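One structure below.
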Amino acid sequence: MIKVKVPATTANMGPGFDSIGMALGMYNIIYAEEIEEGLEIIVQDGNKEIPTDETNLIYKTICAFYENINQKVPGLRIIQQDSIPHTRGLGSSAACIVAGLHIANALSQSFFSKEELVQMAAQLEGHPDNTTPALLGGMTIGAMNSKDMKYVKVHVAENLHFAVMIPDFTLSTELARGVLPETVSLKDAVFNTSRAALLTASMLIGDMDNLELAMQDCLHEPYRAKLIPHMDEILEKAKFYGAKGTFLSGAGPTLLAVVKNVVAFRREMVGYLDGLENKWQVQMLQADNEGAKVWINEELRY
Ligand code: HSE
């Protein structure tokens with residue numbers, strides 16, 4: 001039996017559109033084992049959003065892996081325990097890709113290295129800002145070219161707390177990418193590159209005073225805000241209640257705030273969000289600095 005534990009991820013961290021992402025302490029757990037034939041997918045807690053046929057993303061990733069190594073996919077039983085909400089900008093698709101790659105790597109005894117899986121995952125998802133931190137943990141800065149993806153992983157300080165505000169509505173990445181402009185002005189490009197550099201350097205040296213400025217973005221948030229009722233107002237409120245920096249998580253609609261005073265912030269934000277027409281839950285999380293873990297027959301492998 002193979003067990004994989006994969007963290008949620010927040011992509012487009014601040015100004016790092018399609019590049020900077022971070023793993024969070026929220027996890028999906030997936031079990032897989034070979035069976036004689038066919039496919040059996042069991043979804044614990046009966047989550048109806050997860051397909052239990054060949055369209056299941058974990059299974060599709062396993063098939064892509066086996067095609068790559070020119071082997072036939074064995075009969076499989078997959079058990080999914082998902083805590084990462086779907087289509088909310090918290091990397092649920094990346095978690096499936098990462099789980100599928102780890103399962104296929106272990107089942108086929110291919111022994112691809114983590115580094116090789118990082119490259120495969122980024123190619124499969126098309127951008128590296130969810131899959132890389134899901135595999136490695138921490139905050140990762142990735143850049144893709146036609147051949148591969150180069151990245152740096154930064155350990156995220158344990159004293160950083162993230163308020164993860166998750167609404168009851170979904171937003172597909174496809175729709176959220178569709179509202180982005182084809183081109184942007186030099187002014188907007190400079191706005192983001194300067195802040196992305198400031199964010200990276202600040203996280204590296206642990207300077208949290210820069211975060212409010214360093215987490216600003218003008219490449220995707222202003223466009224996607226139109227798809228998320230009250231987004232700007234919520235982020236402003238978060239700053240009013242003491243957030244050090246705020247941003248849209250991935251393609252949304254989840255919103256994140258870097259918070260120092262965890263208990264007071266949560267209480268104030270829950271009070272405010274309860275007054276909006278949509279339901280929002282607020283989870284206080286820390287970064288995960290280790291990334292996905294794999295057990296084979298209960299023995300932790302990596
Ligand atoms: N970087 C991606 C985007 C993350 O914003 O479209 C969502 O998959």
Side-chain angles (χ1 to χ4, degrees), residues 6-24 26 28 49 57-58 60-61 82 84-101 118-136 138-145 149-153 162 164-167 169-184 188-189 191-193 195-196 199-200 215-228 231-232 235 245-256 287-288 291-292:
V6 193
T9 44
T10 181
N12 303 329
M13 195 170 167
F17 182 71
D18 272 0
S19 171
I20 306 179
M22 181 181 67
L24 291 164
M26 173 195 280
N28 282 357
E49 292 170 78
L57 187 52
I58 297 177
K60 277 168 68 174
T61 307
D82 282 16
I84 307 171
H86 288 222
T87 342
R88 297 297 207 292
L90 286 168
S92 63
S93 303
C96 290
I97 292 173
V98 166
L101 289 177
V118 164
Q119 299 298 334
M120 286 181 209
Q123 294 302 333
L124 281 171
E125 176 125 294
H127 50 84
D129 45 341
N130 286 114
T131 52
T132 314
L135 274 154
L136 303 174
M139 172 180 125
T140 62
I141 303 103
M144 290 179 88
N145 62 26
M149 193 260 305
K150 302 282 181 221
Y151 65 88
V152 169
K153 172 185 164 179
F162 300 90
V164 181
M165 298 173 272
I166 311 168
F169 57 90
T170 59
L171 178 54
S172 80
T173 299
E174 202 187 348
L175 177 66
R177 282 190 97 86
V179 299
L180 301 182
E182 282 287 317
T183 55
V184 295
D188 284 357
F191 184 98
N192 265 61
T193 50
R195 281 156 182 77
L199 173 63
T200 306
M215 285 185 162
Q216 292 174 341
D217 163 87
C218 71
L219 292 187
H220 78 116
E221 289 190 5
Y223 308 99
R224 289 172 166 175
K226 299 181 186 90
L227 304 172
I228 303 165
M231 171 175 145
D232 291 337
L235 296 183
T246 58
F247 59 99
L248 176 64
S249 183
T254 292
L255 303 172
L256 253 82
D288 170 298

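Numbering of ligands and ligand atoms starts at 1, following listing order. The shown structure was predicted, so the numbers you read here are calculated from the model rather than taken from an experiment.
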Check ligand 1 for close polar pairs with the protein: N or O on both sides, less than 3.5 Å.
residue	atom	partner	partner atom	Å
ligand 1	1 (N)	Asn12	OD1	2.8
ligand 1	1 (N)	Asp18	OD1	2.5
ligand 1	1 (N)	Asp129	OD2	2.9
ligand 1	5 (O)	Asn12	OD1	3.4
ligand 1	5 (O)	Asn12	ND2	2.6
ligand 1	5 (O)	Arg224	NH1	2.8
ligand 1	5 (O)	Arg224	NH2	3.3
ligand 1	6 (O)	Arg177	NH1	2.5
ligand 1	6 (O)	Arg224	NH2	3.1
ligand 1	8 (O)	His127	NE2	3.2

Those residues at least two apart in sequence (or on a different chain) that pass ring-ring contact (aromatic ring centres under 6.0 Å, His included) with Tyr151 are none
*Between the main-chain N or O of Asp18 and the side-chain N or O of Asn12, is there a donor-acceptor pair closer than 3.5 Å?*
yes
Taking the side chain as everything from C-beta on, heavy atoms only, tell me whether Met215 gets closer than 4.5 Å to Leu235. no
Q) Tell me, do His86 and Thr170 make a side-chain contact under 4.5 Å, heavy atoms counted? A) no
In terms of heavy-atom contacts, Asp188 and Leu219 come closest through O-CD2, 4.3 Å
Check: Would you call Arg88 and Pro253 a side-chain contact if the rule is heavy atoms closer than 4.5 Å?
Finding: yes
